[in-house]
Amino acid sequence: METACFAENDSRFSQSESTPPMTEPLLSDLGYLADTQAGEEILDGTYTIPSGVDEYTAKLIKELRIPEVIRRNPLIVDYVSTEDHIQGWKRQKESVSADPNGLSFSHFKVGMQDDLIAQFNATLQSLPCQYGFSPTEWRHMTDVEILKKAGVYDIEKMRTIILMNSEFNMNNKKLGKNMMHNAERYGTLAREQYGSRKNHHSIIAALNKRLTMDLLRLRRLAGALCSNDAKSCYDRIVNSIASLAMRRQGVPKNPIKSMFMTLQKASHKVRTVYGVSEDSYGSNREPPLQTIGQGNGCGPAAWAVISTPIINMMKTAGFGFSILTAISVVCVSFVCYAFVDDTDVVHCARDVHVSGADILLEMQDVVDHWEGGLRATGGALVQSKSYWYLIDFEWKGNKWKYRETASMTGEIDIRSVDGDSRIPLRRFEAEHAEETLGVFLAMDGNNIAETEKLLDKSKEFAECIRTGRMTRTDAWYAFNFTIMKTLEYPMVAITLTEVEWNRVMSPLLAAALPAIGITRKYPFVIAYSPLKFQGLGIIHPFYRQEITHISSILRESSMPSITGDLLRANMEQLR
């Protein structure tokens, strides 16, 4: 079992070895940490790209230069003060696991309560950040395999969580937090990236997709959308590119060097039900493993800053969704909607005279740029999790209709994960819905698939509450704070009718009412009534959906965000 885990994880963390930054000529120029003269030139924007570097990597390198707003302001501090140390450990939960070789979280939480110990520990935590070295004690890590899908125990289909030294990971968390604060402060993160950021929610990214398709339909514009997923997101990050992406956000070199040096020199053991393995892998490997590690406190922030140059590269190439609003004549422009590594790349026509056939030719170049930029960071696209739509309209009889695939033949393909071949992507009709960030969305706006999904969840919960044993109080709590919250999640991005919501709620109420001590013949209309009228105070999901729509319009339309731009564009078009 341990041998299988060693082999799988070693393979998983070395997937990026064939990508451009890990091969010549970039490998000699950047090394494994980008702490070279070439790295400094890339950040300054003076690097001469050598021959042999593919065009997409060359374009990404140009986007890694430090923005002027970052250059004009001080770098993020590279030390850990006693106050930082105390505040960090105060927020840390003791139930979170760390590598068993080092001190536990409890040790540091107790130590911070004494001024002398807190100062001493803060100094020890700070020195590696200030001087860019990797303490030997930090290089012990433990891999834990967890299931991605229930009941699937194939080792290659499981997720590897890396337990790191508690002190080391606290530094990583501080690094990620400071980096994101600096990036948000100066506006250097791509606004298309919704993952790993405060006040950004996955369902709003899904709403952007719905609003975009509504706008194309209102304007009769041709467009295309490619939904894709990066393979082994955190596990394929090339450390040299990540280092440059983090430094362009104002992070000093030494804290980054300390983190990646520790990851590259780490000795990994594996924890199973039988305990932690005696053998290990990774410490003396050449080339070193390239990963930021799931479980790294800096991981989410690192991906946000890595994806930003890729998105900027797409903008520079002129791709994306770009229109002028109907009344205010304001430009609405963006490239994609991304939530961590789940991304929908969008491209649309400039006017109604551009056909779907023209967009098809452009969309292949769009996808090639996105895949090429991702590969330049060590990543790759997963063909099985990627698909695309081609949107166009035609006048039939007395109304506009979506053109079918048969009248717009053509394919889009991507490079395979190993880069040796090209594989065509699945293409769907406009009425076909695929799940995006937990909600089924079709390009023509129909809610058929989402209704069926919510109905299935309703029936599943109804069966559980019907066959389970719980008190009336527990049943009432479960109804209000589990299944109803599940039904509320997609509301901002869907438009189910009252009839459709009644269909979803019918089996749910039929099981929930008896469980809370009310006859199943209790009229549903009274169940939705306020308590003062002898009802149950349940808000009908249709009205909850409409309230959610109104609140999102009021909240987002006044904000300088993609969602706000799309809401304003849709409202102006409807006027």
Side-chain angles (χ1 to χ4, degrees), residues 15-27 29-30 34 42 45 47-65 190 192-193 224-242 244-245 248 290 303-321 334-338 340-347 359-388 411-425:
Q15 294 179 81
S16 58
E17 287 182 3
S18 61
T19 57
M22 292 294 291
T23 56
E24 297 298 343
L26 288 182
L27 182 59
D29 282 0
L30 297 179
I42 289 175
Y47 179 65
T48 302
I49 299 173
S51 60
V53 175
D54 73 273
E55 61 171 312
Y56 307 115
T57 305
K59 290 181 178 181
L60 181 76
I61 287 174
K62 293 178 181 178
E63 300 297 337
L64 288 171
R65 63 186 180 277
E192 288 89 342
Q193 178 57 266
L225 178 144
C226 177
S227 182
N228 59 81
D229 186 34
K231 178 176 173 54
S232 305
C233 176
Y234 291 1
D235 297 337
R236 292 183 61 109
I237 293 176
V238 172
N239 295 171
S240 59
I241 299 299
L244 295 172
R248 75 180 293 273
Q290 297 293 302
W303 181 256
V305 301
I306 290 169
S307 61
T308 291
I310 305 176
I311 294 172
N312 291 343
M313 180 186 88
M314 301 284 288
K315 292 178 182 177
T316 302
F319 300 128
F321 181 94
F334 57 89
V335 171
C336 62
Y337 344 99
V340 192
D341 62 327
D342 289 335
T343 308
D344 293 304
V345 182
V346 188
H347 188 63
I359 293 296
L360 172 63
L361 298 176
E362 296 175 6
M363 193 60 185
Q364 180 65 67
D365 201 16
V366 171
V367 174
D368 285 344
H369 273 73
W370 181 260
E371 189 273 340
L374 191 63
R375 188 173 290 272
T377 68
L381 293 182
V382 182
Q383 184 265 345
S384 61
K385 296 182 180 179
S386 303
Y387 54 88
W388 71 290
E411 289 185 343
I412 285 178
D413 54 40
I414 60 171
R415 278 188 287 186
S416 60
V417 173
D418 57 18
D420 295 334
S421 60
R422 297 194 69 88
I423 307 171
L425 292 181

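Everything numeric here is computed off the predicted structure, so don't read it as measured data.
When side chains are defined from C-beta on, Ser18 does not count as touching Asp418, because their heavy atoms never get closer than 4.5 Å. Between Val340 and Tyr234, some side-chain heavy-atom pair lies under the 4.5 Å cut-off. Residues Tyr337 and Leu225 form a side-chain contact, since some pair of their non-hydrogen atoms from C-beta on lies under 4.5 Å apart.
With sequence neighbours left out, Asp413 forms a salt bridge (charged side-chain N to carboxylate O under 4.0 Å, His left out) with Arg422. In this structure Ser421 satisfies the side chain to side chain donor-acceptor pair (under 3.5 Å) test together with Ser416, sequence neighbours excluded. Remark: Glu362 engages His347, Ile359 in a side-chain contact (heavy atoms from CB on, under 4.5 Å) (not counting sequence neighbours). With sequence neighbours excluded, the residues forming a side chain to side chain donor-acceptor pair (under 3.5 Å) with Glu63 are Thr316, listed by chain and number. Every residue meeting the salt bridge (charged side-chain N to carboxylate O under 4.0 Å, His left out) condition with Lys315, not counting sequence neighbours, appears here in chain and number order: Glu192. For Leu360, the side-chain contact (heavy atoms from CB on, under 4.5 Å) partners two or more places apart in sequence, or in a different chain, are Trp388, Leu390, Ile412. For Thr19, there are no side chain to side chain donor-acceptor pair (under 3.5 Å) partners at least two apart in sequence or on another chain. Contacts of Glu55 classified as side chain to side chain donor-acceptor pair (under 3.5 Å), with partners at least two apart in sequence or in another chain: none. With sequence neighbours excluded, no residue forms a salt bridge (charged side-chain N to carboxylate O under 4.0 Å, His left out) with Arg248. Glu17 meets the salt bridge (charged side-chain N to carboxylate O under 4.0 Å, His left out) test with Arg285; sequence neighbours excluded. In this structure Pro50 satisfies the side-chain contact (heavy atoms from CB on, under 4.5 Å) test together with Pro25, Asp29, Tyr47, Val53, sequence neighbours excluded.
In this structure, CD1 in Ile414 is found 13.0 Å from CH2 in Trp370, a value given to the nearest 0.5 Å. Between Ile49 atom CD1 and Thr57 atom OG1 the span is 9.0 Å, to the nearest 0.5 Å. Interatomic distance, Gln15 CD to Gln290 CD, rounded to the nearest 0.5 Å: 12.0 Å. To the nearest 0.5 Å, atoms CG (Leu381) and SG (Cys226) are separated by 7.0 Å. The CD atom of Glu371 lies 4.0 Å from the CZ atom of Arg415; values are rounded to the nearest 0.5 Å. Distance check, rounded to the nearest 0.5 Å: CD1 of Ile423 to CD of Glu411 gives 12.0 Å.
Scanning both residues, Ala376 and Leu60, for their nearest heavy atoms gives CB-CD2, 3.5 Å. Residues Ala338 and Gln193 come closest through the heavy atom pair O-OE1, 3.2 Å. Closest heavy-atom contact between Val238 and Gly378: CG2-CA, 3.5 Å. Closest of all the heavy-atom pairs between Met363 and Val345 is CE-O, 3.6 Å.
Every pair passing salt bridge (Lys or Arg N to Asp or Glu O under 4.0 Å) that includes a residue from residues 224-239 is listed here, sequence neighbours excluded: Asp229-Lys385.
Within the 3.5 Å criterion, the main-chain N or O of Leu374 finds a donor-acceptor partner in the side chain of Thr377. A donor-acceptor distance shorter than 3.5 angstrom exists from the side chain of Thr308 to the backbone of Ala190, with no hydrogens or angles considered.
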Applying side chain to side chain contact (heavy atoms under 4.5 Å, CB included) to His369 and Phe319, what does each step give before you reach the verdict? CA-CA 9 Å; His369 273 73; Phe319 300 128; 3.5 Å; yes
Give the C-alpha distance, both sets of side-chain angles, the deciding distance and a yes or no for side chain to side chain contact (heavy atoms under 4.5 Å, CB included) between Leu26 and Ile61. CA-CA 11 Å; Leu26 288 182; Ile61 287 174; 4.0 Å; yes
